[in-house]
*Asks:* 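Have a look at this one.
These values consider heavy atoms only, across backbone and side chains, with no hydrogens, waters or symmetry-generated copies. A note on names: the letters A, B, ... follow the listed sequences, proteins ahead of strands, and every chain is numbered from 1.
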2 protein chains.
Amino acid sequence: MTHKFKTLDRAPVYVKVCNAIEEDILSGVLKEGALLPTEAELCVQFGVTRSSVREGIRLLQQSGLVERGAAKRLVVKSPKASEIAETASRSMALGGATFGEVFETLAMLYPEAARIAAGRLSDDALGALCDVRDGLRDAAPDAADEIVGYAVEFFQQLANGLDNRVMLAMLQSLNLMIGASLRLVIDQTPNAHERILGAQTEIIEALKNRDEAQARAWMMKHIEDLRRGYVVAKVNLDARIL
Amino acid sequence: MTHKFKTLDRAPVYVKVCNAIEEDILSGVLKEGALLPTEAELCVQFGVTRSSVREGIRLLQQSGLVERGAAKRLVVKSPKASEIAETASRSMALGGATFGEVFETLAMLYPEAARIAAGRLSDDALGALCDVRDGLRDAAPDAADEIVGYAVEFFQQLANGLDNRVMLAMLQSLNLMIGASLRLVIDQTPNAHERILGAQTEIIEALKNRDEAQARAWMMKHIEDLRRGYVVAKVNLDARIL
DNA sequence: CACAAATGTATTGTCCGACAATCCTAATAT
DNA sequence: ATATTAGGATTGTCGGACAATACATTTGTG
């Protein structure tokens, strides 16, 4: 039998440059914070021209594995949950996700998140939630922007306290997607300030008591309240987010 | 008072190129499937050199907004849930997410997903689940790879049936992250075939009956079963995925 | 006429060289 | 010792060049 050759790798050079660097990062040869060689250096190492190296770098850059640090040198960076959330929510927006889809997912995730939080939240995390609640309490009842900020921040701090980066990334991406629309809702909901404050207080109480069922139940009520707001504000749930 | 100037936009040209194209895609001027001008054309339109245009394109490319289609021309593409899931799971792996975090999130999401599915799954989606179950039933009890494939596919089809792209993206990214480790677990679990088959059958039954509580409960049992597998297989839950 | 082969053309991929802008480092002056 | 200045290193941008490839058109052949 005649010898069989493997199919040749005909990917463009800039893709190979990207992959080569990415591989060394993934395999741990290049640890977080490590400085990459200069472009000129990469040219001689890979044996290609600077144009190709630069195009390869752009590919890496967008995936968040690398960024320009001090001295403009490229620094290896491991993606943080917040960044993952950002690109994910961004992609979903571009992919045509609707308010309805986002809100439904929110309604599915956060009650469970509250339940888990009840069994795990540290005192620090609880304190952060109380701070948010206190901030909201002291806000003017008609300062819609401020109220929205505190409402989202409450979700944010709850997610933070779960001590699980995967959950955090998912919850954060929901926060980002829902943020804009909450503004509309709270703007047109009577007593929004009072109702959100009440919900936050009850949720905190349940979390303090390590009462998983209560935490979940109050979070559901909180979200159900927001849902009613969507109806009142006549937000079109089939409209694309962002 | 003297006039105040806005801070100048000092971003590199290639970034501006990327943003300019992205903006037109986002605003709908460039719809999905539309062909972008050639590089030479972009050069004259933006008034920059091809090097800069090409670097800008690389940035866009990695974010999945654009890809090389027929005739090598750049085509506008809106990100699909599966692609979002892929980049998200990839980023999480690079970000150092652990098996424990992924599994915990899985255990949080899928029971709720099953609950929602019970109230909504179409006959087609149910049929797809049955197909998976039947495939698993006919598989050899010691064909670990095949069993893993069907176990993941079951999750996959359930997520598909939810008819919610945001949920789908999140569940899919979990599937991708958990896939590799399930292989280890199922390999070392006695009666894995039988137990998974049983769980799938019960879940399908509950879905058919539109029984949300049952669907959720059986999914929880199913996942709890998998969790025991992790213990038996002595998988280190603090190890990074991938 | 239909279909295959050859040709031409447009576009991308890669290379080279050059220079301005920026930042870091180190020598110098006060 | 601190501030300033000069120098060097590195990135950002430019311009042009050519090979490789894919597409469109023409040409050749049955």
*Asks:* Under 4.0 Å, counting only non-hydrogen atoms across every strand here, what does A:T49 touch: a base, just sugar-phosphate, or nothing?
*Replies:* base

*Asks:* By nearest atom, which of the nucleotides D:dT13, C:dT12, C:dT14 is closest to the B:S52 side chain?
*Replies:* D:dT13

*Asks:* Is there side-chain contact between A:V15 and A:C18, with at least one heavy-atom pair below 4.5 Å?
*Replies:* no

*Asks:* If you compare all heavy atoms of B:R183 against all heavy atoms of B:D187, which two are closest, and at what distance to 0.1 Å?
*Replies:* NH1-OD2, 2.8 Å

*Asks:* To the nearest 0.5 Å, what is the distance between OG1 (B:T98) and CG (B:N236)?
*Replies:* 8.5 Å

*Asks:* Please determine if a side-chain N or O atom of A:R68 lies less than 4.0 Å away from the OP1 or OP2 oxygen of D:dG12.
*Replies:* yes

*Asks:* Counting side-chain heavy atoms from C-beta on, which of C:dT12, C:dT14, D:dC14 comes nearest to B:E39?
*Replies:* C:dT12

*Asks:* Tell me, with the steps shown, if A:E32 and A:S78 meet side chain to side chain donor-acceptor pair (under 3.5 Å).
*Replies:* CA-CA 6 Å; A:E32 173 159 18; A:S78 81; 3.1 Å; yes

*Asks:* Do A:R133 and A:F154 form a cation-pi contact, if we require the NZ or CZ to be under 6.0 Å from the six-membered ring centre and within 45 degrees of the ring's axis?
*Replies:* no

*Asks:* Does a side-chain N or O of A:R10 approach OP1 or OP2 of D:dA20 to a distance below 4.0 Å, or not?
*Replies:* no

*Asks:* Judged by each residue's nearest nucleotide on DNA chain D, which is more toward the 5′ side, A:S51 or A:P37?
*Replies:* A:P37

*Asks:* Between atom CZ in B:R73 and atom C1' in D:dC23, what is the gap in whole Å?
*Replies:* 11 Å

*Asks:* Could you state the atom-to-atom distance from CG of B:L35 to C1' of C:dA10 in whole Å?
*Replies:* 14 Å

*Asks:* For a quick check, tell me whether the side chain of B:R50 and the base of C:dT14 share a donor-acceptor pair closer than 3.5 Å.
*Replies:* yes

*Asks:* Distance check: side-chain N/O of A:Y14 vs OP1/OP2 of C:dG13, anything under 4.0 Å?
*Replies:* yes

*Asks:* Does the distance from a Lys or Arg side-chain N to an Asp or Glu carboxylate O, for A:R50 and B:E55, drop under 4.0 Å?
*Replies:* no

*Asks:* Please walk me through it: do A:Y230 and A:S181 pass side chain to side chain donor-acceptor pair (under 3.5 Å)?
*Replies:* CA-CA 9 Å; A:Y230 275 83; A:S181 66; 2.6 Å; yes

*Asks:* Which of residues 53-61 of chain B have a heavy atom under 4.0 Å from DNA chain D?
*Replies:* none

*Asks:* From C:dT12, D:dT10, D:dG15, pick the nucleotide closest to the side chain of A:T38?
*Replies:* D:dT10

*Asks:* Just the rounded figure in Å: distance from P of D:dT11 to CG of A:L36.
*Replies:* 10 Å

